[in-house]
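Below is one structure; the comments refer to it alone.
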Amino acid sequence: MQLVVLIKQTFDTEEKIAIENGAVAEDGVKFILNPYDEYALEEALRLREVHGGSVTVVSCGSARAAEALRTALAMGADEAALIAQDGLPDDGYAVAALLAAAVRELVPDLVLAGLFAVDRGAGSVALQVAERLGLPHASAALKLTVEAGSAGAGSGKGAGDAPAGAAGAQAPSGAAWGGGGGRIAVVERDTEWGVETVAVPLPALVTAQQGLNEPRYPSLPGIMKAKRKPLRQLGAAELGLGADDLAPRTERVALLAPPVRAAGRKLSGTPAEQAGQLAELLQREAKLF
Amino acid sequence: MTDTANRTALVYAECMDGKLRRVALEALGAARRLAGDGGAVHAVVVGGGPGAALREAAAELAARGAGVVHVVDDPALAGFAPEAYAAAIGAAVAAARPSVIVLGHTAAGRELAPRVAAAAGGGHVADVTAIDLGDDGGAAAVFTRPLYAGKAFEQRRFLPGAPQVVTVRPNNLPVAEPVAAGSEGAIAALPYAAPPLWTVVRGIARKAAGTVDLAEADIIVAGGRGVRSAEGFAPLAALAEVLGGAVGASRGACDAGYCDYALQIGQTGKTVTPKLYVACGISGAIQHLAGMSQSRVIVAINKDPDAPIFGIADYGIVGDLFEVVPLLTAQFKRIFETPGA
């Protein structure tokens, strides 16, 4: 099974954010693999253990993002591709265009990505990639298995092979490269209405929610091996994309520090007195009730 | 001056369990502002199968300023198949030809907006917490959104000519107010041909009835490592129930296995902006503060007087949460049970 994982390098979540000259200061900042992308990568590695195949990690960013790809290779990914764009348009549209072009070349059976990146927090790019490639998606996965597919999923088998519960005909994935091997992804996903179990035909894109797995740490041999694994650099031109394809749709006009929040007051007295005061303050002063 | 009169805003009005969500009315309020005085506002409500109570939702949207409410009622929309829902919005886009599309930044909205934006070749500004119209009636509106879960904010705008997709964070923008009687919008069924369905919903383990969703909760009672066990969340749940709020947690509590990751608030996890946030046994790691420091009123209850959470709390109680929280619950029970209080 060909697995592709979209990854992004982000600030460590313990980092404070300082704004200097209209930009986020990066001096001395610890960069990490976006935590949600770690879940995605770990899941891809586990799927490879079960189904065989290979795991390719793809990132779009500055040259520094190669560090995150090396980390992914050290965790066990087979290959990496960096779409290094200095002066990358600061817009999800362009990033989605680049990633979609790179993924298409890799003809994956399954694409994994984090639910969102802890820096921008939009959670938009991966699903834009799915739309561009005609891939079904299942978002916020808490559990993921790949199974033999149901009718219409490209296996050429009859509906008798459909797993129980997959009522009705399931349309095949819209991936232009075929692929998927007639299999489906069964995903338990986190939604606001409960944990929902869905089945989508491969090739598909699945985003990883926290709780999907416990990502492994890179081992020392893993780190040594990672140095010899292929890390390709890709440019927009090689991906067949021109300036028009990458024209940003949005732009940043300002970067702001959050409103400063001062410490309020600590209450005093016995616990019962404090509870009484607090209820009173929330009612009368904060006017909440 | 730009062509304000030609602006059209389309709202995806999300329903849950057959009811219009509050965030749908917040999105409608945003759409009305973005359309401007001379602009048109359309809404689309989507659902399927028996029991789809779309008419009531459509009527409410029409009464709150949607000039046209498109109703898509189709069996393909009975379960949440994102491709089918995105296609329903696509049908509304074809009918309304909007300059801007507004959705809630909810579980469903977050899945649909990127597909709608990519299908239209447009941009997506996600998780918007404030909108500044500028001086030309919405055409060059500036959208404020958090970065690093609220450690910073950015303001973005769409570049000219790009289709615009915006998702608005629940609880941050005012809901659309009712319009004068007699000026309600029109309601019409929208023709819809379901796309080939990829997604088969096999089952849903629904949340317990009456559970308040974290993202939309007005009040959150959250526990950290100080809660010490899964059972330790019981007094927090009791307080949340009395207050009509939801229970949340810090990463520490989730990592320790005291509760489900679905409850996690922080830079990893959910970012929340309730009216009242009660942090119990939460020290206040920076990644947690990022997810909740925009709450209107913050209360901290912690044994450690030096816990960083006190640095951003409006009201702090240094003490044992297992002693203080039940006292608070009792206190509020008394208040709410006293007529005229």
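Letters A, B, ... mirror the listed sequences (proteins, then strands); counts begin at 1. Atoms considered below: every heavy atom in the structure, side chains included; atoms not considered: hydrogens, waters and symmetry mates. Quantities reported herein were computed from a predicted structural model and do not represent experimental measurements.
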With A:V103, the side chain to side chain contact (heavy atoms under 4.5 Å, CB included) member among A:L98, A:L6, A:L205: A:L6
Contacting region of A:N34 [heavy-atom separation from chain B under 4.5 Å]: neither
Interchain contact, B:V116 with chain A, by part (heavy-atom threshold 4.5 Å): neither
Contacting region of B:D314 [heavy-atom separation from chain A under 4.5 Å]: both
Chain B contact via A:V187 - which portion, at a heavy-atom distance below 4.5 Å: neither
Side-chain donor-acceptor contact under 3.5 Å, A:D91 with A:T250: yes
Pairs where residues 106-130 of chain B contributes a residue and the test salt bridge (charged side-chain N to carboxylate O under 4.0 Å, His left out) is met, not counting sequence neighbours: A:E131-B:R115, A:R189-B:E111, B:D127-B:R169
Heavy-atom contact with chain B under 4.5 Å, split by part of A:V24: side chain
Heavy-atom pairs under 4.5 Å with chain A, option from B:K275, B:E216, B:Q287, B:Q294 with the top count: B:Q287
Selection from B:A162, B:A285, B:A107, B:A86 maximising heavy-atom pairs under 4.5 Å formed with chain A: B:A107
Option in A:A117, A:S139, A:G123 with maximal non-hydrogen atom pairs under 4.5 Å from chain B: A:S139
Candidate pair A:L256 and B:Q155, rule side chain to side chain contact (heavy atoms under 4.5 Å, CB included), full reasoning: CA-CA 8 Å; A:L256 312 165; B:Q155 293 185 316; 3.9 Å; yes
Contacting region of B:E83 [heavy-atom separation from chain A under 4.5 Å]: neither
Residue pair B:T106, B:M16: steps toward the side chain to side chain contact (heavy atoms under 4.5 Å, CB included) verdict: CA-CA 11 Å; B:T106 59; B:M16 187 141 71; over 6 Å; no
Chain A contact via B:A113 - which portion, at a heavy-atom distance below 4.5 Å: neither
Top contributor to chain A interface from B:A290, B:A205, B:P163 [non-hydrogen pairs under 4.5 Å]: B:A205
Donor-acceptor pair, side chain of B:R296 and main chain of B:T273, under 3.5 angstrom: no
Interchain contact, B:L214 with chain A, by part (heavy-atom threshold 4.5 Å): neither
Partner chain A: residue of B:G319, B:A215, B:G269 with the largest heavy-atom pair count (under 4.5 Å): B:G269
A:T197 versus A:E188, side-chain donor and acceptor atoms under 3.5 Å: no
Top of A:Q128, A:R265, A:E285, A:E251 for chain B proximity - count of heavy-atom pairs under 4.5 angstrom: A:E251
Max heavy-atom pair count under 4.5 Å with chain B, selected residue of A:E192, A:R252, A:K266: A:E192
Most chain A-contacting option - heavy-atom pairs closer than 4.5 Å, from B:G121, B:A81, B:G266, B:A117: B:G121
Among A:Q277, A:R132, A:E280, A:E15, residue most engaged with chain B (heavy-atom pairs, under 4.5 Å): A:E15
Heavy-atom neighbours of A:K143 NZ exceed 12 at 6.0 Å: no
Segment of B:F310 engaging chain A (4.5 angstrom heavy-atom cut-off): both
Mutual orientation of the aromatic rings belonging to A:F11 and B:Y148 [parallel < 30°, tilted 30-60°, perpendicular > 60°]: tilted
Under 4.5 Å from a heavy atom of chain B, the part of A:A96 involved: neither
Distance-only polar pair, side chains of A:Q274 and A:S268, donor-acceptor under 3.5 Å: no
Greatest number of heavy atom pairs closer than 4.5 Å to chain A - which of B:D320, B:V324, B:L276: B:L276
Residue part contacting chain B, namely of A:P35, when any heavy atom lies under 4.5 Å: side chain
Distance-only donor-acceptor check, side chains B:T167 and B:H124, under 3.5 Å: yes
When A:A275, A:A262, A:A130, A:G276 are compared by non-hydrogen pairs under 4.5 Å with chain B, the top option: A:A275
Region of B:Q264 that comes under 4.5 Å of a non-hydrogen atom in chain A: side chain
Whether A:F289 and B:F336 hold their rings parallel, tilted or perpendicular, with breakpoints at 30° and 60°: perpendicular
Region of B:V318 in contact with chain A, defined by heavy-atom distances below 4.5 Å: both
B:R156 NZ/CZ over B:F143 ring centroid, <6.0 Å and within 45° of normal: no
Structural part of A:L135 lying under 4.5 Å from a heavy atom of chain B: backbone
N/O donor-acceptor pair under 3.5 Å between B:H288 side chain and B:I265 backbone: yes
Residue B:P195 versus chain A: region with a heavy atom under 4.5 Å: neither
Interchain contact, B:I286 with chain A, by part (heavy-atom threshold 4.5 Å): both
Flag, side chain of A:S173 to backbone of A:P203, donor-acceptor distance under 3.5 Å: yes
Option in A:D12, A:D90, A:T191 with maximal non-hydrogen atom pairs under 4.5 Å from chain B: A:D90
Under 3.5 Å side-chain donor-acceptor pair for B:Y261 and A:D190: no
